[in-house]
Amino acid sequence: MSQTVDRALSILPLLAQGPADLGQVAERLGVHKSTALRLLRTLHEHGLVYRQEDQRYRLGARLFALAQEAVENLDVREIAHSHLVALNDRCGHTVHLAVYEEQEVLYIDKVESRYPVRMYSRIGKPVAITVAAVAKLLLADLTEPERRVIAEKLDYPMYTPRSTPDAAAFLKELAVVREQGWATDLGGHEESINCIGAPIRGADGRVVAAMSVSAPNVVVTAEELLTLLPLVRRTADTISREYSGTNRPKKV
């Protein structure tokens with residue numbers, strides 16, 4: 001039974017490369033045509049493959065529907081939370097998880113610092129989109145035209161002297177973030193708070209969420225916080241692999 005299942009599942013990546021006829025499927029699997037036909041018929045009955053008029057087989061619409069349903073039901077917060085807690089246990093600082101929805105970047109999870117000085121951020125509250133590390137990561141993943149449209153519509157409040165002053169500066173920083181794969185907010189929103197962040201990616205490589213570690217200057221300097229960047233990136237990569245269902249580690 002396990003061999004039959006293995007053979008049937010092996011057909012799917014083959015057809016993902018393009019339509020194939022019965023002989024090609026049988027040859028790839030190393031089985032007789034009659035065996036390949038039984039497997040294809042079973043997959044066809046479940047809508048996972050489709051036989052075209054030219055008698056070649058391709059992936060079926062049901063497979064795409066299942067994939068889309070699975071993606072829609074993925075809860076990045078549920079997957080990420082234990083990893084955020086573990087990161088907080090190791091570093092002691094505030095850890096955030098954020099997503100981009102309807103032109104806003106929102107915190108969807110937070111693990112509080114173990115230190116007495118706490119941040120006033122709240123789950124469900126929009127972040128300061130022009131300065132926050134998580135916002136930079138989420139917007140940097142958009143296409144260049146999308147980034148430009150958004151940047152030109154934003155206001156640029158000068159929360160501190162280190163805040164992003166205008167659209168040109170914001171677009172430049174987003175390009176850097178996109179290239180390097182991580183982001184910072186070093187006193188851009190509050191002069192006494194520094195933050196480093198990394199993206200969480202789905203199976204298609206697109207950024208689905210962003211996580212960050214934040215700490216006040218009285219607890220740790222910006223330079224000391226930056227030493228945690230490899231740990232933050234590894235945590236984000238672990239969440240990405242669990243979210244996307246892949247197991248290959250990414251070099252950081």
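Looking at Val76 and Ile108, their side chains come closer than 4.5 Å, going by heavy atoms from C-beta outward. Between Gln17 and Arg28 the shortest side-chain heavy-atom distance falls below 4.5 Å.
Interatomic distance, Phe170 CZ to Leu154 CG, rounded to the nearest 0.5 Å: 6.0 Å. Atom OG in Ser121 sits 6.5 Å away from atom CD in Glu112 (nearest 0.5 Å). Expressed to the nearest 0.5 Å, how far CZ of Arg62 lies from NE2 of His46 amounts to 10.5 Å. We find the NE2-CG distance between His32 and Leu37 to be 11.0 Å, quoted to the nearest 0.5 Å. The structure places CG of Leu40 at 6.5 Å from CG of Leu22, a figure rounded to the nearest 0.5 Å. Considering CD1 of Ile239 and CZ of Arg77, their distance stands at 12.0 Å, rounded to 0.5 Å.
Between Leu106 and Gly124, the shortest heavy-atom distance links the atoms CD2-O, 3.9 Å. When all heavy atoms are compared, the tightest approach of Ala222 to Asn194 is CB-ND2, 3.5 Å. Between Ala198 and Leu137, the shortest heavy-atom distance links the atoms N-CD1, 3.3 Å. Pairing each heavy atom of Arg147 with each of Ala140, the nearest pair is NH1-O, 3.5 Å.
Using a cutoff of 4.0 Å between basic side-chain nitrogens and carboxylate oxygens, Asp185 and Lys136 are not scored as salt-bridged. Using a 4.0 Å cut-off between charged side-chain N and carboxylate O, Arg206 and Asp204 make no salt bridge. A salt bridge is absent between Glu45 and Arg41: the closest approach of a Lys/Arg side-chain nitrogen to an acidic carboxylate oxygen does not fall below 4.0 angstrom. Classification of Arg241 and Asp237 as a salt-bridged pair holds, one side-chain N sitting under 4.0 Å from a carboxylate O.
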Working note: Tyr107 + Val134, criterion side chain to side chain contact (heavy atoms under 4.5 Å, CB included); need CA distance, chi angles, decisive distance, verdict.
CA-CA 9 Å; Tyr107 289 128; Val134 288; 4.2 Å; yes
Please report the C-alpha distance between Lys153 and Val149 in whole Å, then the side-chain angles of each, then the deciding distance to 0.1 Å, and finally whether the side chain to side chain contact (heavy atoms under 4.5 Å, CB included) criterion is met.
CA-CA 7 Å; Lys153 289 181 179 179; Val149 168; 3.8 Å; yes
Trace of the side chain to side chain contact (heavy atoms under 4.5 Å, CB included) decision for Leu15 with Arg58
CA-CA 5 Å; Leu15 298 185; Arg58 62 171 172 80; 5.7 Å; no
Passes side chain to side chain contact (heavy atoms under 4.5 Å, CB included), Ser214 versus His96? Steps please.
CA-CA 8 Å; Ser214 303; His96 287 110; 4.1 Å; yes
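With His93 as the partner, the side-chain contact (heavy atoms from CB on, under 4.5 Å) test is satisfied by one option alone out of Val232, Leu87, Leu225: Leu225. In summary, of the residues considered (Val127, Val105, Leu174), a side-chain contact (heavy atoms from CB on, under 4.5 Å) with Leu138 occurs for Val105 alone. The only option from Leu14, Asp6, Thr35, Leu39 that meets the side-chain contact (heavy atoms from CB on, under 4.5 Å) definition with Leu29 turns out to be Leu39.
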Counting only pairs under 3.5 Å, give me each side-chain donor-acceptor contact of residues 162-169, with atom names and distances, residues two or more places apart or in other chains.
unit_1, atom_1, unit_2, atom_2, d
Arg162, NH1, Leu186, O, 3.2
Ser163, OG, Tyr159, N, 3.0
Ser163, OG, Thr160, N, 2.9
Ser163, OG, Thr160, O, 3.1
Ser163, OG, Gly188, O, 2.6
Thr164, OG1, Thr130, O, 2.9
Asp166, OD1, Ala168, N, 3.3
Asp166, OD1, Ala169, N, 2.9

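In terms of modelled atom types and a separation under 3.5 Å, the side chain of Thr42 and the main chain of Arg38 share a donor-acceptor contact. Listed for the Ser212 side chain is no donor-acceptor partner under 3.5 Å among the backbone atoms of Gly197. When atom types are taken as modelled, the side chain of Arg178 and the backbone of Asp141 share a donor-acceptor pair closer than 3.5 angstrom. Judged purely by atom type and a 3.5 angstrom limit, Tyr100 has no side-chain atom pairing as donor or acceptor with the backbone of Ala210. In terms of modelled atom types and a separation under 3.5 Å, the side chain of Asn88 and the main chain of Arg114 share no donor-acceptor contact. Asp54 contributes a side-chain N or O that, together with a main-chain N or O of Arg56, makes up a donor-acceptor pair within less than 3.5 Å.
By the neighbour-count criterion of 12 heavy atoms within 6.0 Å, atom CD of Glu152 is densely surrounded, having more than that number from other residues, nucleotides or ligands. Atom CZ of Arg51 sits in a sparse spot, with 12 or fewer heavy atoms from other residues, nucleotides or ligands closer than 6.0 Å. A 6.0 Å sphere centred on CD of Gln180 holds more than 12 heavy atoms belonging to other residues, nucleotides or ligands. Around the CD atom of Glu78, the shell of radius 6.0 Å holds no more than 12 heavy atoms that belong to other residues, nucleotides or ligands.
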